[in-house]
Amino acid sequence: MGRRGHPAEFRRRVLDLLHAGRSVASIAHDLQISDQTIYAWRRQDRIDRGEIPGLSTAENAELRAAKKRIAELELQLAVTTKAVEVLKADTSPKGDTRRSS
């Protein structure tokens with residue numbers, strides 16, 4: 001339900017307090033957290049419940065994992081491309097032919 005900072009159980013308890021009728025301002029004051037943080041958690045909870053459109057927590061996690069994997073693959077591709085360039089430039093003392101290993 002959130003990215004970092006507060007454990008999921010804490011966020012869940014805050015949302016339970018909201019559902020029980022407590023105001024955002026009172027919860028924020030009592031727990032010394034930003035009211036904007038609570039509003040964001042409430043919005044994400046509504047998305048997760050299907051009440052409003054948006055990316056669910058699970059979809060966000062999947063998207064982050066995919067972006068991380070893409071970054072890893074792009075790095076691997078860059079390293080491989082550089083290695084190919086280096087090997088192409090490596091020639092034998094006899095001329096323009098590549099060394100055989």
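We count residues from 1, following the sequence as given.
- Atom CD of E62 has 12 or fewer heavy atoms from other residues, nucleotides or ligands within 6.0 Å.
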Practice problem: List the steps, then state whether salt bridge (charged side-chain N to carboxylate O under 4.0 Å, His left out) holds for E72 with R69. | Solution: CA-CA 5 Å; E72 291 169 354; R69 182 66 178 139; 3.4 Å; yes

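- With rounding to the nearest 0.5 angstrom, the OG1 atom of T81 is 11.5 Å from the CD atom of Q76.
- Of all non-hydrogen atoms in A28 and S34, the two that sit nearest each other are CB-C, 4.2 Å.
- Within 6.0 Å of atom CD in E9, 12 or fewer heavy atoms from other residues, nucleotides or ligands are found, so the atom counts as exposed in its surroundings.
- With rounding to the nearest 0.5 Å, the separation of CG in D30 from CZ in R22 is 4.5 Å.
- Considering NE2 of H19 and CZ of R42, their distance stands at 9.5 Å, rounded to 0.5 Å.
- With rounding to the nearest 0.5 Å, the separation of OG in S56 from CG in D45 is 12.0 Å.
- The two residues L55 and Q44 make their nearest non-hydrogen contact at O-NE2, 3.0 Å.
- Considering only heavy atoms from C-beta on, F10 comes within 4.5 Å of L31 through its side chain.
- For the atom pair T37 OG1 and R11 CZ, the distance stands at 10.5 Å (nearest 0.5 Å).
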Worksheet item: For L63 and K67, what are the C-alpha separation, side-chain angles and deciding distance, and is it a side chain to side chain contact (heavy atoms under 4.5 Å, CB included)?
Response: CA-CA 6 Å; L63 183 58; K67 286 181 177 181; 4.0 Å; yes

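- How far CD1 of I27 is from CH2 of W41: 10.0 Å, rounded to the nearest 0.5 Å.
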Check the pair E85 / K82 against side chain to side chain contact (heavy atoms under 4.5 Å, CB included), numbers first and verdict last. CA-CA 5 Å; E85 290 173 8; K82 184 67 177 173; 3.9 Å; yes

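- Cluster annotation: I47 is not connected to V14 through the hydrophobic network of ILVMFWY side chains, with a link wherever side-chain heavy atoms come within less than 4.5 Å.
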Exercise. Under the side chain to side chain contact (heavy atoms under 4.5 Å, CB included) rule, what do R12 and L15 come out as? Steps first, then yes or no, please.
Key: CA-CA 5 Å; R12 182 78 258 150; L15 293 171; 3.5 Å; yes

